[in-house]
Student: 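My questions will all concern the structure given below.
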Amino acid sequence: MNRYVLIVAGGKGLRMGGELPKQFLSIGGKPVLMRTLEVFYGCDPEIQIILVLPRNQQEYWERLCREFHFSLRYAMADGGETRFHSVKNGLALVETPALVGVHDGVRPFVSPEVIARCYELAAEKKAVVPVVRVVETLRRLSRDDSVTVKRDDYRLVQTPQVFDAKLLKKAYEQTYTPHFTDDASVVEALGESVFLTAGNRENIKITTPFDLKIAVALMQSCSI
């Protein structure tokens, strides 16, 4: 079965405190976004990559590709007003039957093992999400107080989230609501269940200056 991955990169870099969108920041001498695409290509050279990028960033990205002699094969879709609309735009380029993953462009440290497992499971489970355990104490806030909750009852969600493409396309025919925080939440709104599998803790989402420091440290210990 054909495999696709939508690499969604619509960040504006606001939490980084700078003008350069976070997906274009450099780690180890190469833009984050390039490293993310390379991980998927390295895991499966036959995977069909669809890069979803705001139209006003595409010229800059193409300039970076020339500068870094980046020649991996991919298709381009325009980013939308929200992540939901960006994914919907990318899905328009996906032909069924297929498996399709959706991955954050600023998660370059996802492991090949996690990628492979998510696609393998999605062939049977239809909707698969990688997660990691919560290691810190959690408190639930109320209007006047807070209370400790059992962290074993919670998981931190990562990407790629991988689905049967027909199912995901149907899910994205729904009207957008702010409750759609990721692709799993969109699929669940159809009444479908989502299967959880182990992610890898290094698979951080680079959104703040602190995250960038962690990424540099990971570069020193990971071969990416």
Side-chain angles (χ1 to χ4, degrees), residues 1-11 22-23 27-28 30-53 70-77 83 86-87 90-91 93-133 155-169 171 181-187 193-207 211 214-215 218-219 221-224:
M1 184 178 292
N2 288 335
R3 296 183 174 193
Y4 292 83
V5 62
L6 309 183
I7 306 293
V8 183
K22 56 197 175 185
Q23 58 266 24
I27 52 172
K30 185 182 294 186
V32 169
L33 187 54
M34 289 183 185
R35 294 194 176 277
T36 302
L37 268 66
E38 286 174 344
V39 171
F40 281 85
Y41 182 81
C43 183
D44 179 6
E46 299 301 317
I47 198 167
Q48 299 183 61
I49 299 173
I50 300 172
L51 175 59
V52 187
L53 197 64
F70 186 78
S71 58
L72 291 189
R73 174 179 48 84
Y74 63 89
M76 180 78 81
R83 188 182 189 280
S86 292
V87 172
L91 283 173
L93 303 182
V94 173
E95 297 182 0
T96 59
L99 297 174
V100 56
V102 184
H103 188 69
D104 298 319
V106 289
R107 289 186 186 267
F109 295 106
V110 59
S111 74
E113 294 78 14
V114 168
I115 295 172
R117 188 184 331 114
C118 286
Y119 279 90
E120 289 168 5
L121 287 170
E124 174 189 357
K125 304 293 186 180
K126 306 298 183 184
V128 176
V129 174
V131 298
V132 293
R133 290 182 175 273
R155 295 293 184 270
L156 301 177
V157 176
Q158 300 182 330
T159 63
Q161 300 183 7
V162 184
F163 306 87
D164 174 85
K166 185 177 180 180
L167 170 62
L168 193 61
K169 280 175 169 279
T181 56
D182 66 355
D183 310 287
S185 62
V186 181
V187 168
S193 60
V194 172
F195 185 83
L196 304 184
T197 189
N200 64 295
R201 193 160 294 281
E202 300 86 356
N203 185 16
I204 64 170
K205 186 176 183 181
I206 303 173
T207 58
D211 297 331
I214 297 298
L218 285 170
M219 279 295 304
S221 60
C222 299
S223 56
I224 178 172

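Below, all heavy atoms of this structure are taken into account, side chains as well, without hydrogens, waters or symmetry copies.
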Student: Can you name the closest pair of heavy atoms from Ala77 and Gly90 and give their distance?
Tutor: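 Taking every non-hydrogen atom into account, CB-CA, 3.9 Å.
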Student: Write down the atom of Val87, the atom of Leu6, and the distance for their closest heavy-atom approach.
Tutor: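 Closest approach of Val87 to Leu6, heavy atoms only: O-CD1, 3.7 Å.
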Student: Can you check whether Pro108 reaches Leu218 side chain to side chain, under 4.5 Å on heavy atoms?
Tutor: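 A side-chain contact is absent here, since even the closest heavy-atom pair is not under 4.5 Å.
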Student: Distance-only, no hydrogens or angles: does the Arg35 side chain make a donor-acceptor pair with backbone N or O of Phe109 under 3.5 Å?
Tutor: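 Checked: no pair found.
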Student: My understanding is that only residues two or more places apart in sequence, or in another chain, count here; which of them pass ring pair (Phe, Tyr, Trp, His ring centres under 6.0 Å) with Tyr4?
Tutor: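 Not a single residue meets the ring pair (Phe, Tyr, Trp, His ring centres under 6.0 Å) criterion with Tyr4.
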Student: Kindly say whether Leu33 contributes a backbone atom to a donor-acceptor pair with the side chain of Gln23 at under 3.5 angstrom?
Tutor: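 Not a single qualifying donor-acceptor pair exists.
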Student: Under 4.5 Å between any side-chain heavy atoms of Ser111 and Asn203, yes or no?
Tutor: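 Of all side-chain heavy-atom pairs linking Asn203 with Ser111, none is under 4.5 Å.
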Student: Under 3.5 Å, which donor-acceptor pairs do the side chains of residues 120-130 form with other protein atoms, sequence neighbours left out?
Tutor:
none

Student: Restricting to ring pair (Phe, Tyr, Trp, His ring centres under 6.0 Å), what partner residues turn up for Phe70, sequence neighbours left out?
Tutor: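 Phe70 satisfies ring pair (Phe, Tyr, Trp, His ring centres under 6.0 Å) with Trp61 once adjacent residues are dropped.
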Student: Got a donor-acceptor contact below 3.5 angstrom from the Thr197 side chain to the Cys118 backbone?
Tutor: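 Flag not set: sc Thr197 to bb Cys118 has no pair under 3.5 Å.
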Student: Locate the shortest heavy-atom distance separating Met76 from Leu53; write the atom from each residue and the value.
Tutor: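 Scanning both residues, the minimum pair turns out to be SD-CB, 3.9 Å.
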Student: If you round to the nearest 0.5 Å, how far is OG1 of Thr36 from CD1 of Ile7?
Tutor: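 Here the rounded value is 6.5 Å.
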Student: Using side chain to side chain contact (heavy atoms under 4.5 Å, CB included) as the criterion, point out the one residue from Val162, Leu91, Val94 that pairs with Leu168.
Tutor: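 Answer after filtering Val162, Leu91, Val94: Leu91.
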Student: Side chains of Lys22 and Ile206: closer than 4.5 Å at any heavy-atom pair?
Tutor: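 Heavy-atom side-chain distance check fails, nothing below 4.5 Å.
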Student: Please tell me if the side chains of Leu72 and Glu38 come closer than 4.5 Å, counting only heavy atoms from C-beta onward.
Tutor: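 A side-chain contact exists here, since the closest heavy-atom pair is under 4.5 Å.
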Student: Would you please name every residue forming a side-chain hydrogen bond (donor to acceptor under 3.5 Å, both in side chains) with Asp44, sequence neighbours left out?
Tutor: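 side-chain hydrogen bond (donor to acceptor under 3.5 Å, both in side chains) check on Asp44 returns nothing, list empty.
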Student: Answer whether the closest heavy-atom distance between the side chains of Val110 and Asn200 falls below 4.5 Å.
Tutor: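 Val110 vs Asn200: side chains touch.
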Student: Please name the pair of heavy atoms, one in Ile27 and one in Ala215, separated by the smallest distance, quoted to 0.1 Å.
Tutor: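 Looking at all heavy atoms of both residues, the closest pair is CG2-CB, 4.0 Å.
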Student: Not counting sequence neighbours, which residues clear side chain to side chain contact (heavy atoms under 4.5 Å, CB included) with Ala171? List them please.
Tutor: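 In terms of side chain to side chain contact (heavy atoms under 4.5 Å, CB included), with neighbours along the sequence ignored, Ala171 is linked to Gln174, Val186, Val187, Leu190.
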Student: Could you work out, with side-chain hydrogen bond (donor to acceptor under 3.5 Å, both in side chains) as the rule, every residue matching Thr181, not counting sequence neighbours?
Tutor: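 Here no residue qualifies.
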Student: By side chain to side chain contact (heavy atoms under 4.5 Å, CB included), which residues pair with Thr96, not counting sequence neighbours?
Tutor: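 Side chain to side chain contact (heavy atoms under 4.5 Å, CB included) check on Thr96 returns Ala165, Lys166, Lys169.
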Student: Can you pull the salt bridge (charged side-chain N to carboxylate O under 4.0 Å, His left out) pairs that have at least one residue in residues 95-119, sequence neighbours excluded?
Tutor: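 Output for this query lists Arg83-Asp104, Asp104-Arg107.
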Student: Do Asp182 and Val102 have side-chain heavy atoms sitting under 4.5 Å apart?
Tutor: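 They are not in side-chain contact.
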Student: Nearest 0.5 Å, please: how far is CG in Leu156 from CZ in Arg133?
Tutor: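 Here the interatomic distance stands at 11.5 Å.
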Student: Taking only residues two or more places apart in sequence or in another chain, which ones pass side chain to side chain contact (heavy atoms under 4.5 Å, CB included) with Met1?
Tutor: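 So Met1 forms a side chain to side chain contact (heavy atoms under 4.5 Å, CB included) with Leu99.
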Student: When rounded to the nearest 0.5 angstrom, what is the spacing between CZ in Phe40 and CD1 in Ile49?
Tutor: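 So the CZ of Phe40 and the CD1 of Ile49 are separated by 8.0 Å.
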Student: Considering only heavy atoms from C-beta outward, does the side chain of Gln48 approach that of Asn2 to under 4.5 Å?
Tutor: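 Gln48 reaches Asn2 side chain to side chain.
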